[in-house]
Amino acid sequence: GPANKRELTSLYVSGNDVYAAGSDKTGAKCWKNGLPIPLKFRWNEASAKSICVSGPDVYVAGSERNLMQTFAVLWKNGERTQLTDGREWAEANAVAVSGGDVYVAGCEYIKGTPVTRCWRNGTQIELSDSCGEVTAMYISGKDIYICSNDWSYLKNGKLVALKVEDGFIPSFASICVSGTDVYVCGRMNTNAAYWKNGTMFLLSEGEIESGATSIAGVNGDVYVSGFAGDYAKCWKNGQSLPIEKKRVWSKANAVFIAQ
């Protein structure tokens, strides 16, 4: 790709400041209002998957890799904390702050099978179930929701599997809670979709491949980012919102509602 290629995987807005995590041609990156925030690395290869801001502190979840091991990592204001010891291949894919506690969700691959992990302030929390390879996390009050690219999510460590008709293959990319409603988004076969309390709503249907990447709910409205064909998409309550079309392939990876 081009020398200035940059992909954002996560977005957070705090006050008038916009934070993003992702990568460029040199590896994992974090930005504030378009300017890089330095991240310290132990190994040369790293990825940044999720970002969260609490007061003056900026948290980024991701992973680092050497020739033999991959570690789940959390950065706080650029300083690195290793969450796993390297005995198993691991990654951190989501970070959130609630009540002064910092939560990170990810997975370790045990004999090749992804096992869901969650850490609070750097200490692993015991989960009664696993939903596999983590894609997102959301904290609502005292409840911790973790979703995976499988068709399930965890609520406080217990598995919630949505009913799926035979022949359909769903995958989840993001989760959020608004009031008493739980929303997840992702794909149903090759179509972008979201679920509200287990009920599915297709966002696009047809021959063009599509997918939903992130979801946010506020005041009864549901916003979803994603793609359809070669173009980035954003939907509000199932209706497509206008996004400027570029002449190159594009995808919207995150949506955030600033209040």
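Worth saying up front: this structure is predicted, and the values here are computed from it rather than measured.
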**Asked** Hey, what's the ring geometry for Tyr145 with Tyr153, parallel, tilted or perpendicular (30° and 60° as the breaks)?
**Response** tilted
Exercise: identify the closest heavy-atom pair between [X] and [Y]:
{"X": "Lys49", "Y": "Thr9", "result": "O-OG1, 3.4 Å"}
{"X": "Ala212", "Y": "Ala173", "result": "O-CB, 3.4 Å"}
{"X": "Phe172", "Y": "Ser152", "result": "CE1-N, 3.4 Å"}
{"X": "Ile144", "Y": "Met137", "result": "CG2-SD, 4.1 Å"}
{"X": "Cys52", "Y": "Ala96", "result": "SG-CA, 4.0 Å"}
{"X": "Ser214", "Y": "Ala254", "result": "CB-CA, 3.6 Å"}

**Message:** Does Asn219, at its CG atom, have more than 12 non-hydrogen atoms belonging to other residues, nucleotides or ligands within less than 6.0 Å?
**Reply:** no
**Request:** Kindly check if the number of other-residue, nucleotide or ligand heavy atoms within 6.0 Å of CD1 (Ile208) is above 12?
**Result:** no
Taking atom types as modelled, is there a side-chain donor on [X] or [Y] under 3.5 Å from an acceptor on the other?
{"X": "Thr26", "Y": "Asp24", "value": "yes"}
{"X": "Ser148", "Y": "Thr135", "value": "no"}
{"X": "Asn237", "Y": "Gln239", "value": "no"}
{"X": "Ser63", "Y": "Ser47", "value": "yes"}
{"X": "Thr70", "Y": "Trp89", "value": "yes"}
{"X": "Ser240", "Y": "Lys233", "value": "yes"}
{"X": "Glu7", "Y": "Asn253", "value": "yes"}

Do [X] and [Y] come close enough that some side-chain heavy atom pair is under 4.5 Å?
{"X": "Thr84", "Y": "Trp119", "result": "yes"}
{"X": "Arg80", "Y": "Phe41", "result": "no"}
{"X": "Cys118", "Y": "Ile146", "result": "yes"}
{"X": "Glu64", "Y": "Glu45", "result": "no"}
{"X": "Tyr59", "Y": "Leu74", "result": "yes"}
{"X": "Lys251", "Y": "Thr213", "result": "yes"}
{"X": "Glu91", "Y": "Glu133", "result": "yes"}
{"X": "Thr116", "Y": "Cys107", "result": "no"}

Nearest 0.5 angstrom please: [X] [atom1] to [Y] [atom2], how far?
{"X": "Ser128", "Y": "Leu159", "atom1": "OG", "atom2": "CG", "value": "8.5 Å"}
{"X": "Lys155", "Y": "Ser140", "atom1": "NZ", "atom2": "OG", "value": "8.5 Å"}
{"X": "Cys131", "Y": "Asp150", "atom1": "SG", "atom2": "CG", "value": "8.0 Å"}
{"X": "Ser171", "Y": "Arg187", "atom1": "OG", "atom2": "CZ", "value": "6.5 Å"}
{"X": "Cys185", "Y": "Lys196", "atom1": "SG", "atom2": "NZ", "value": "15.5 Å"}
{"X": "Asp181", "Y": "Asn197", "atom1": "CG", "atom2": "CG", "value": "4.5 Å"}

Kindly work out whether a path of hydrophobic side-chain contacts (I/L/V/M/F/W/Y, heavy atoms less than 4.5 Å apart) joins [X] to [Y].
{"X": "Val255", "Y": "Val218", "result": "yes"}
{"X": "Ile139", "Y": "Leu154", "result": "yes"}
{"X": "Ile175", "Y": "Tyr183", "result": "no"}
{"X": "Val53", "Y": "Val73", "result": "yes"}
{"X": "Val18", "Y": "Trp75", "result": "yes"}

**Test side chain to side chain contact (heavy atoms under 4.5 Å, CB included) applied to Leu11 and Ile51, step by step** = CA-CA 7 Å; Leu11 186 68; Ile51 190 167; 5.8 Å; no
**Item:** Candidates Tyr19, Phe256, Trp31 - the one meeting ring pair (Phe, Tyr, Trp, His ring centres under 6.0 Å) with Tyr12
**Value:** Phe256
Do any N or O atoms from the side chain of [X] and from the backbone of [Y] form a donor-acceptor pair under 3.5 angstrom?
{"X": "Asn77", "Y": "Val58", "result": "yes"}
{"X": "Ser54", "Y": "Val97", "result": "no"}
{"X": "Asp101", "Y": "Arg120", "result": "no"}

**Asked** Hey, mind stepping through Asp221 and Lys236 against side chain to side chain contact (heavy atoms under 4.5 Å, CB included) and telling me if it holds?
**Response** CA-CA 7 Å; Asp221 293 321; Lys236 177 183 178 182; 3.8 Å; yes
**Request:** Give the intermediate values and the outcome of side chain to side chain contact (heavy atoms under 4.5 Å, CB included) for residues Leu203 and Asn191.
**Result:** CA-CA 7 Å; Leu203 293 167; Asn191 295 311; over 6 Å; no
**Prompt:** Would Ser250 and Phe227 count as a side chain to side chain contact (heavy atoms under 4.5 Å, CB included) if you check the C-alpha gap in whole Å, the side-chain angles of each, and the deciding distance to 0.1 Å?
**Reply:** CA-CA 8 Å; Ser250 62; Phe227 69 94; over 6 Å; no
**Request:** Give a yes or no on whether a salt bridge exists between Glu79 and Lys40, defined as a side-chain N under 4.0 angstrom from a carboxylate O.
**Result:** yes
**Message:** Ring centres under 6.0 Å, that's the criterion: do Phe201 and Tyr194 meet it?
**Reply:** yes
